[in-house]
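Values reported hereafter were calculated over all heavy atoms of this structure, with side chains retained and with hydrogens, waters and symmetry mates removed. Please read all numbers here as calculations on a predicted model, not as lab measurements.
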Amino acid sequence: MEIFEADVLIIGAGGAGLRAAIAAAQADPSLTIALVSKVLPMRSHTVAAEGGSAGVIQAHDSLENHFNDTVHGGDWLCEQDVVEYFVSEATAELIQLEHWGCPWSRKPNGQINVRAFGGMKIERTWFAADRTGFHILHTLFQTSTHYPSIKRFDEHFCLDLIVADGRAQGATVLSPSTGAFTAIFARSVILATGGAGRVFRQNTNGGIVTGDGMALAFRHGVPLRDMEFVQYHPTCMPGSGILFTEACRGEGGYLVNKDGYRYLQDYGLGPVTTEPRNKTMELGPRDRLSQAFWQEERKGRTFVTPQGESAVYLDLRHLGRAKLKERLPLIFGLAEEFMGLDPAETPIPVRPAVHYTMGGILTDINTATPLAGLFAAGECSSVGIHGANRLGSNSLGELTVFGRVAGQEAVKFARGAPAVDPARLADQAKASIAKALSVRDRKGGGERHSVIRKEMASTMEKGCGIYRLGPEMQETCEKLAELKRRAEHITLDDRSDIWNTDWLAALELGYQLDVAEAMAHSALLRKESRGAHQRLDGFEKRDDERFLAHSLARYRPGAAPEISYGPVKITKSQPGERAYGARGEQLEKKDGAHV
Amino acid sequence: MNERRPYRRPMPGNWWAKPPYRAYTARELSGVAVAAYGGVLFAGLLSLSRGPESWAGFVDFLKSPASLLLHVLLLAAVIFHVITWFQTLPKTMPKMIVNGEAVPPKKITRIATIFAGAMSLALVFFVLGAAQ
Amino acid sequence: MSEPVNAESAVLQKTFELRILRYTPGRDEEPAFGSFQVTGAEGMTVLEALQTIKDTLDGTLSYRWSCRMAVCGSCGMMINGTPRLACSTLLRDLPPGPVTVEPLQNFPIERDLVISVDAFVKKIESVYPYLIPKEQKTVAEGPHLQTPAQMAAYESFSDCINCMLCYAACPQFGENPDFIGPGAMAMLQRYNGDSRDGGRQKRLDTIHGEDGVWSCTAVGICSEVCPKQVDPANAVNQNKTNSAFDFFLRFLRTEQPQ
Ligand SMILES: Cc1cc2nc3c(=O)[nH]c(=O)nc-3n(C[C@H](O)[C@H](O)[C@H](O)COP(=O)(O)OP(=O)(O)OC[C@H]3O[C@@H](n4cnc5c(N)ncnc54)[C@H](O)[C@@H]3O)c2cc1C
Ligand code: SF4
Ligand code: FES
């Protein structure tokens, strides 16, 4: 085992981790920052984000509008003080990215261009064609190479955190390419490990999105907040789940059922317009659109694709080839390469797939978790801006705003923290290594991780899908407990040291099962419908009396997680009716309030 | 514990003879034809400087079937070289931006090839005209 | 809540044969092919076939992947001898018969389809891959202006996903592993071509000489295999001219390059 002594340790080098690293390096260049990622930083899943990042920039828009859209979109489960901070900082971060070179799409006069996005009252989504996340990630990665105090551990897999004296003091990592272990000691630690969408079957997430950081914090006693809220994105490739960005609809695409009918008008999202209209029809929020798909499917108005999945059509034909190639080149290529169709000529079959975890590691507005010295930012965290349903294009903004905060706060904490005691910490690291090795070298159990993973993904889809039922969620909880038991008996094909991806996959499955349990149990106990959590078993309504509260899942070794509830911070926006389309506009007119 | 031991595959010595590199090799080899023709011209120049007899010998050589064959071959090789070189041209020059958009490489190749063809034809007609 | 039963059985199934170059350090002296029969959906990608092998036939098979949508740049490999992304190569689009899958050409093999990436990362780090602003501006002063025409000058280079397919196609990189190569040159040109950047000279100073642009003999296949139409050959060859001019002009320059 090697030892590396850092001041600040950042686990995860996606958008959030890289932004944190740069902020930390700028805040105090004398500190050593260790930046760990299980893949090369530019492979992190931020790379896949297509549509854009929200930040108020137009004269007729306001921070107030962005605040209201976010809080209403989140069905009032947002921390309103955090949302207020977020919307006030988002634009500055987008400008900062511009100064670092991010190739934002421009108007002919050279100014930043913005596009419409679901649930947003006014166009405020900055975009770089339909490769926004790609450009943000590459810009941040490339910029980070400018800072010599950032010591990268590329392709290093985090096995466990090191926690002593009630504070986080480092992590134990494995390098698959050398087979060597390193204990990284630090005075503060940031988790920026991204989401967990891979616990579901059909999802838009990359193979690396396995909830590792969530599980690590969880196992060390940090609560996971609002885990029942999992976002289904309405327009994904049937079978693989690959995403067709919301920008397709922002640019004016239609969703039609098998009869060519724009069915969203039947679900409170009308009136039908030819041109895209904010917060109406296709530009409604994701939870509503995914639910409408589910209803159409029940009514037999969807069709079955060659992959055996039911689907509706995303019709982009009327936008014309030139616009599609300029604004949505990636989408164009995906349709051509993966589905063999020309989106300028043929509507694209799409269906909902799991996309985003609203919940995550509990943090305060400064990204600090309840465990001293441990911070979290990005999709792995729950800082409180998304509530029960994230609005598209609020997540990339979250990475930069709270990535920066995390970097600065971690530096502050590191400066004030006592030095680490290497001898004691090394023992902990050795224990984590022994545990990981036991997973690799275990014999005779006969279970395969690929089988357990598939069963986990199916049971999550069944119990925690777009609509949920008590007995089915109960079944999922039980199934997960069974899978966790069986996972103790996984035997690997591969026991070698170098690039043993069989082993890494088994370790990731361990993380996934913990995260899945937190989701399923949180879902089971939320006896209401709110945002992305919709029930059909007598709890169809939002229940502010009992459930205007954050769920908090706490890890219990060898048992199901314990679920409790915490208060929601409400500052200016009292819970009201969450309406879109004509009804939304009506409400807005009535009380002069923003909907 | 087994150790990292990256394996370096040897680079095949004949890579240039295999597709997709064959086309590149042919392009580079056809460049030899340009040099060869330069040699022919230089020989002409030399014989001119050595007096009328030598020059007449050179002209006789040009009339020989061997020389005609050589010229046909060289012409073919040079045309091949020109066409393939123009296919490479867009890769060697700064991006051409017209009306805010980069001109696609194929278009640059097409324009350059047509231009070169037109110039060559013009030259041929000019020489034929002057000879009459 | 459960979805209606899918018509799984309706999915057209097909069996494909994959010949994969395998190598485990410490066990194998040198790489050797292994053969697998994979049954799956007719529209399966090469990546999905590898995943099926790993999940059901042989868990020791190693390869990199993540996004499966041709954007993260992880899954480059030689498929039937051509560098391609496994996730965007559909088996049905390949000629019938066994499909050969090898690690990317010209790179040291770490294990199976996993190659060494460290040298490539060092190369991109060496070209000052960040904006060196022409004029300092604070965030409060707002974004720079940049017209679509100014963007078009570097846009294709900024689309590079660092997949390294171009290196696998480059015989000169095969001959000289220290050659900076197409991908890193695309990165260099991405910034040198950016109207907001003022670091051109600094970057040019990194690419003179044999390991710089001058190893390139304009083979051009790098641009043909690039999955993102980056045209890295253009980045390299433009900079031959720039490097040559710079070489002669440096005698005229009064101040020394830093
Ligand atoms: C297809 C798609 C499109 C999207 N489009 C948009 C959009 O248009 N707008 C928007 O706002 N949001 C969008 N999102 C959401 C947004 O992109 C993500 O929420 C966000 O990118 C997550 O960034 P992150 O930095 O938190 O994590 P990631 O970018 O996922 O990075 C996680 C990092 O953690 C590292 N890591 C994880 N586990 C370990 C471990 N065990 N050891 C070491 N390192 C580890 C990884 O290597 C990686 O570097 C989209 C998401 C998807 C999937
Ligand atoms: S230039 Fe093209 S082939 Fe080369 S690394 Fe970039 S995207 Fe890949
Ligand atoms: S898996 Fe990301 S490019 Fe193929």
Checking heavy atoms, do the side chain of [X], its backbone, both or neither come under 4.5 Å from chain A?
X: Asp159(C); result: both
X: Met151(C); result: side chain
X: Thr138(C); result: backbone
X: Lys54(C); result: both
X: Pro133(C); result: neither
X: Gln146(C); result: both
X: Leu61(C); result: backbone
X: Val139(C); result: both

Quick check for you: to the nearest 0.5 Å, what is the distance between [X] atom [atom1] and [Y] atom [atom2]?
X: Asp112(C); Y: Thr501(A); atom1: CG; atom2: OG1; answer: 8.0 Å
X: Ile498(A); Y: Arg111(C); atom1: CD1; atom2: CZ; answer: 9.0 Å
X: Arg131(A); Y: Ile161(C); atom1: CZ; atom2: CD1; answer: 10.0 Å
X: Lys454(A); Y: Asp55(C); atom1: NZ; atom2: CG; answer: 4.5 Å

- Side-chain donor/acceptor of Arg68(C) to backbone N/O of Gly207(A), under 3.5 Å: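 No.
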- Message: Please check this pair: side chain of Arg196(C) against backbone of His99(A), looking for a donor-acceptor N/O pair closer than 3.5 Å.
- Response: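 No.
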Structural part of [X] lying under 4.5 Å from a heavy atom of chain C:
X: His45(A); result: side chain
X: Arg43(A); result: both
X: Asn205(A); result: backbone

- Message: On a heavy-atom basis, which atom in Asp58(C) and which in Asp493(A) lie closest, and how many Å separate them?
- Response: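 Reported closest heavy-atom pair: C-OD2, 3.7 Å.
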- Task: Heavy atoms only: give me the nearest Cys160(C)-Phe134(A) pair and the separation to one decimal.
- Result: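 Looking at all heavy atoms of both residues, the closest pair is O-CZ, 3.2 Å.
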With a 4.5 Å heavy-atom cut-off, do [X] and [Y] have their side chains touching?
X: Lys228(C); Y: Leu330(A); answer: yes
X: Trp499(A); Y: Arg64(C); answer: yes
X: Pro103(A); Y: Glu155(C); answer: no

